[in-house]
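The structure appears below as structure tokens.
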Amino acid sequence: MDSSDITSWIDANLPETILLVGGLFAVLIAVFYAKDKDSWKYKGMMVLGFLFGLLMAVEAITTYGEWRLATSIFVAVAAFALIIRPFREVHFAIILSFFVMVIIYIAMGQFNGYMLFDQFDLTMLSEGWPRIIVAFVAGAFVYMITNFAEGIVKMFGKFLNFWPVLLILGLLCIVEAFLMLTGNGSIADYIQTLTQ
């Protein structure tokens, strides 16, 4: 089997391959974390999982509607879990609000001599304390909104990245991929037959 055969097989079985590899990453990350969360194996696997999670997310977005709903959900949830893992402790709200403050502060320098509707001189906003206060208020507003959004994302991220949950998620992805590869449908099909 040469590389072109492997490539054509992956193309023909793309969702299954993505689920299988993503599931393996999730399982290995959970296992290495449980063994030693400070090891290079865990950290390296987390970086590789993040990169593959990005690929999973791109594929899930670009092929939306072509895959079964259950497959798309598994891919999306696994991609989210792999992508968010390295950033669980990063406070994006603070970083983004500080960035907005700096941009607003710089942009307000353009108000020197600017007339709004040819009636209001905005020069006072281009210097001193008014410029600092407006930039600070804009940053605080962005912080409130992004902090709320960040809290929601991190809540789901922490749940999905709790290592036993990540291990189960990885195993579900592998089982889903195996069922699809063998032509036995999906986990959703088995759940549906059990509830009937």
Side-chain angles (χ1 to χ4, degrees), residues 6-34 37 41-96 142 144-196:
I6 294 171
T7 305
S8 61
W9 185 87
I10 290 173
D11 287 341
N13 299 290
L14 187 62
E16 298 92 331
T17 305
I18 286 175
L19 276 171
L20 182 63
V21 175
L24 288 172
F25 273 121
V27 167
L28 290 173
I29 288 169
V31 168
F32 289 144
Y33 178 84
K37 65 180 179 179
K41 287 180 183 177
Y42 165 68
K43 291 176 182 175
M45 196 57 61
M46 189 171 56
V47 169
L48 291 174
F50 167 76
L51 295 174
F52 194 77
L54 289 175
L55 176 70
M56 290 175 78
V58 168
E59 286 298 324
I61 291 168
T62 57
T63 57
Y64 177 75
E66 297 176 22
W67 298 348
R68 295 179 58 149
L69 180 61
T71 303
S72 296
I73 290 171
F74 276 119
V75 170
V77 171
F80 175 76
L82 292 173
I83 291 169
I84 197 74
R85 186 162 191 91
F87 303 107
R88 289 173 301 160
E89 305 304 322
V90 177
H91 295 289
F92 288 106
I94 292 172
I95 295 167
L96 185 60
V142 169
M144 285 188 305
I145 293 171
T146 55
N147 193 38
F148 177 71
E150 180 183 290
I152 293 171
V153 169
K154 284 190 174 183
M155 179 182 70
F156 286 110
K158 285 192 179 207
F159 172 73
L160 289 174
N161 276 289
F162 180 50
W163 75 264
V165 174
L166 187 64
L167 180 67
I168 291 168
L169 177 63
L171 291 172
L172 286 172
C173 287
I174 292 169
V175 169
E176 177 78 3
F178 180 74
L179 289 173
M180 292 170 68
L181 285 169
T182 57
N184 291 312
S186 168
I187 292 174
D189 296 333
Y190 284 97
I191 292 172
Q192 195 172 16
T193 56
L194 290 174
T195 57
Q196 289 178 349

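Atom set for the values below is all heavy atoms of this structure, side chains included, hydrogens, waters and symmetry mates excluded. It should be emphasised that the depicted structure is a prediction, and the values quoted were computed from it without experimental measurement.
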Does any part of the side chain of L55, heavy atoms only, come nearer than 4.5 Å to the side chain of F52, both counted from C-beta?
yes
Report the distance from atom OH of Y33 to atom CE of M46, rounding to the nearest 0.5 Å.
10.0 Å
In terms of heavy-atom contacts, G53 and A79 come closest through O-CB, 3.5 Å
Report the distance from atom CZ of F74 to atom CG of L169, rounding to the nearest 0.5 Å.
8.0 Å
To the nearest 0.5 angstrom, please state how far the CG atom of L48 sits from the CG atom of L24.
12.5 Å
Quick one: does I29's side chain get under 4.5 Å of L82's, heavy atoms only?
yes
Minimal heavy-atom distance between A57 and I83, with the atoms involved, is CB-CD1, 4.0 Å
Atom pair CG/CZ of L20 and F25 - distance to nearest 0.5 Å:
11.0 Å
First locate atom OG1 of T17, then atom CD of E59, and finally report the distance between them rounded to the nearest 0.5 Å.
10.5 Å
With a 4.5 Å cut-off on side-chain heavy atoms, are M180 and L19 touching?
yes
Heavy-atom closest pair, residues C173 and G23
CB-CA, 3.7 Å
If you compare all heavy atoms of A177 against all heavy atoms of E16, which two are closest, and at what distance to 0.1 Å?
CB-O, 3.3 Å
